[in-house]
Amino acid sequence: MARVPAAVTAAATAAAHRIRSRARTATRALTRRYRDRRALPAVELVPQPHPYPRALGLLCVVLLGAWLGLLIVGNVRVPVGPMNTTMTLRPSLTGGTKINVSPLGALELRSHEAPLRLDVDVDQLDPVRSQALVDHPERLSGLQDEVAQDVERGTLDLAVRSCIAVVSGASALGLAVYRRPRRALAAGGLALTLLAASGATAFATWNPNSVLEPKFSGLLSSAPSLVGNARSIVSEFDVYQKELARLVTNVTKLYDVTSTLPTYQPDPSTIRVLHVSDIHLNPASWKIIASLVKQYDINVIVDSGDTMDHGTAAENGFLDPIADLGAPYIWVRGNHDSLLTQRYLKHTKNVHVLDNGRAVTVAGLRFAGIGDPQFTPDRAVTPGGNPAEELAGARLASALHDQRAAGTPVDIAIAHEPSAARETDGEVPMVLAGHLHHEEMEVMKYGTRLRIEGSTGGSGLRAVEGKYPDPIEASILYMDRDTRRLQAWDEIKLGGLGLTTAEVSRHLPKENQPGAGLPTTQSPTPSGTTP
C-alpha cells in the first residue's frame with residue numbers, strides 16, 4: 001500500500017477544518033435568524049406612535065394652556081380718558097373688537113380678521129378725571145389725542161402681558177402632561193409662535209373704518225344692527241334714548257293688560273301727577289318723561305330738583321325739551337341747581353317755578369314749594385347742612401299755614417331735601433321731595449304723607465361710577481279731582497342705563513285698599529293714614 005504524502009494529509013486536514021468552521025458559522029447564523037424571527041411578533045405587539053397624533057396632542061396642549069394663561073393673567077387695566085377699562089385678548093374664530101359699555105350694552109367692530117378678539121370692558125368713570133373735564137372744558141379739545149395715546153399704551157402693555165401669559169400657560173400645562181422639560185419648552189415656544197402669527201394677521205387685516213359700521217347688542221339689540229354713522233356719540237345716544245322710551249311704553253301697556261297687582265282703575269275724574277327728581281343732566285330722561293306723559297295721559301309734572309349737575313349757564317340748553325313734554329311742568333330748585341338755572345326756567349314755556357312758599361293752581365291742584373337753600377357745587381360757600389334745610393322747611397310750612405288761613409289751602413307741597421319737607425308735617429296733605437336717589441313713602445306724625453322720589457336720571461354720570469348702574473325711577477300719583485287726595489300711586493323703575501329690566505308696581509293707601517270701606521272726605525288737615 002502506497003504511503004500518502006504528508007502534504008496531501010495536511011491539505012485534507014485544512015479542508016476539513018474549513019468545512020467544520022463554515023458549518024459552525026452557518027449554524028450560528030441560522031440560530032440568530034431564527035431567534036430574531038421569533039422575537040419579531042413581540043415587537044409588532046407594541047407599535048411605534050404615529051407622528052401626526054403626537055403633533056395633534058401637542059397642539060391641543062398648547063392651545064388649551066395658552067387660553068388658560070390669557071384667562072388668568074392676560075388682561076391689563078388701562079385708564080382711557082376719563083374711563084377705567086380692562087383690555088383682554090380672547091380666542092375667536094371671527095376676530096374683531098368687542099367693547100362692553102355697562103350703561104349701553106356692547107359694541108362689536110369688525111376691526112380685523114384673526115383667531116384673536118380684543119375685548120375692552122369699560123369698568124367705570126373715574127370721578128376725579130371726569131370732574132376735571134367738567135371744570136376745565138378746554139381740555140375736551142385734546143381728549144381725542146389723549147384717548148389715542150392711552151389706547152396705544154394699553155395695547156402695548158396687553159401685547160407684552162399676553163406673550164407672557166400664553167408662554168407660561170402652555171409651558172405649565174405641557175410640563176404637567178408630558179413631565180419632560182424639553183416638551184414643556186417646546187409647547188411654550190409653539191404658543192409664542194402662534195400668538196405672533198395671529199398678531200401679524202390682525203395687523204395685516206386691520207380695518208380702521210370698522211368704527212363706521214358698528215353692531216350693537218344689549219339694550220340696542222332691537223334697534224337696526226347698523227345704526228347709521230357712528231362718528232358721533234350723540235346720534236348713538238339718541239337711539240338709546242328712543243329705545244329706552246319705547247321700553248317704558250311697551251312695559252306699561254303689558255302692565256295695563258295683564259297686571260296681577262292690586263286691581264285699581266282710576267276713573268276720568270282722577271288727576272294724574274308725574275313725580276320726577278334728580279335728573280342730573282341725563283338727556284334720556286326727557287324721552288322717558290315724554291313717553292310716560294303720553295302713556296298715562298299725565299295732567300301735570302312735578303320736578304323736585306337737581307335737574308342740573310353744576311348749575312352753570314352752559315347747561316341751560318339741556319332744559320329746552322321741557323317746553324315740549326306735553327304737560328305743565330312744576331319745578332323747585334335742588335342743591336345742584338343754581339339761581340341761573342331758576343331764572344332760565346322762569347322764562348321757559350309751560351314751566352312754573354316755585355320758591356319761597358309761592359303757590360300756584362295747575363290741573364285742579366294747588367301746589368306750593370321752596371328751593372333748596374344750599375348750592376353745593378359752589379365751593380366758595382360753606383354748606384349750612386340740615387339746619388339750613390330745616391329753616392327753609394319752616395318757611396315753607398309758614399307759607400302753607402298762611403294759604404290755609406286765607407281759604408286757599410295747598411294740596412301738594414314740594415321741597416328738594418327730605419329734612420326740609422318734614423317741617424311741613426300737619427300743614428298739607430302731601431309733600432314731595434327727592435335728593436336721596438331712592439324711593440320712599442311714609443305718613444309722618446301729624447298726618448302729612450311724604451313721598452321721596454328716586455333719580456329719574458339714574459343719578460346721571462354717577463350711574464357708571466359703581467359696579468352696577470343706578471335705576472331710573474319715577475312715579476305716577478293718582479289724585480281725586482273732588483277731594484284732591486291721593487287714591488293710588490304707581491312706582492316705575494327701569495334697570496339703570498343700558499339694562500333692559502323694567503318694573504311697574506301699583507300701591508294703594510291703606511284707606512283705599514280692598515276691604516277698607518269707602519274713603520271718607522277728608523278735611524284740609526291730613527287725617528294720619530298710613531301707607
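Not measured: the values here are computed from a predicted model.
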Testing the basics here: between [X] and [Y], what is the closest heavy-atom pair and its distance to 0.1 Å?
{"X": "D309", "Y": "P377", "value": "O-CG, 3.7 Å"}
{"X": "R481", "Y": "S269", "value": "CB-O, 2.7 Å"}
{"X": "D303", "Y": "G305", "value": "OD1-N, 3.0 Å"}
{"X": "V276", "Y": "A474", "value": "CG1-CB, 4.3 Å"}
{"X": "A421", "Y": "M444", "value": "O-CE, 4.2 Å"}
{"X": "P373", "Y": "E389", "value": "CD-OE1, 3.4 Å"}

**Report entry** Gap between atom OG of S475 and atom CZ of R451 - 0.5 Å precision
**Finding:** 4.0 Å

**Report entry** Approximate separation, where rounding is to 0.5 Å, of N335 CG and M308 CE
**Finding:** 14.0 Å

Requested in this report: Using the six-membered ring wherever Trp is involved, compare the ring planes of H416 and H435 and label them parallel, tilted or perpendicular (cut-offs 30° and 60°).
Outcome: perpendicular

Requested in this report: Anything under 30° is parallel, anything over 60° is perpendicular, the rest tilted; go ahead and classify H507 against W489.
Outcome: parallel

Output yes when a side-chain donor or acceptor of [X] lies under 3.5 Å from a complementary backbone atom of [Y], and no otherwise.
{"X": "S455", "Y": "D278", "answer": "yes"}
{"X": "T448", "Y": "V428", "answer": "yes"}
{"X": "H438", "Y": "L436", "answer": "yes"}
{"X": "Q403", "Y": "A399", "answer": "no"}
{"X": "S285", "Y": "T456", "answer": "yes"}
{"X": "Q374", "Y": "T376", "answer": "no"}
{"X": "D119", "Y": "T88", "answer": "no"}
{"X": "D337", "Y": "D306", "answer": "yes"}
{"X": "E427", "Y": "T424", "answer": "no"}

Side-chain touch [X]/[Y], heavy atoms, less than 4.5 angstrom:
{"X": "N356", "Y": "R395", "answer": "yes"}
{"X": "L486", "Y": "L477", "answer": "yes"}
{"X": "S92", "Y": "R90", "answer": "no"}

Report task. Determine, stepwise, if the pair Y344 / D320 fulfils side chain to side chain contact (heavy atoms under 4.5 Å, CB included). Result -> CA-CA 10 Å; Y344 187 87; D320 291 342; 2.6 Å; yes

Report task. Identify whether the distance between the nearest side-chain nitrogen and carboxylate oxygen of R333 and D355 falls below 4.0 Å. Result -> yes

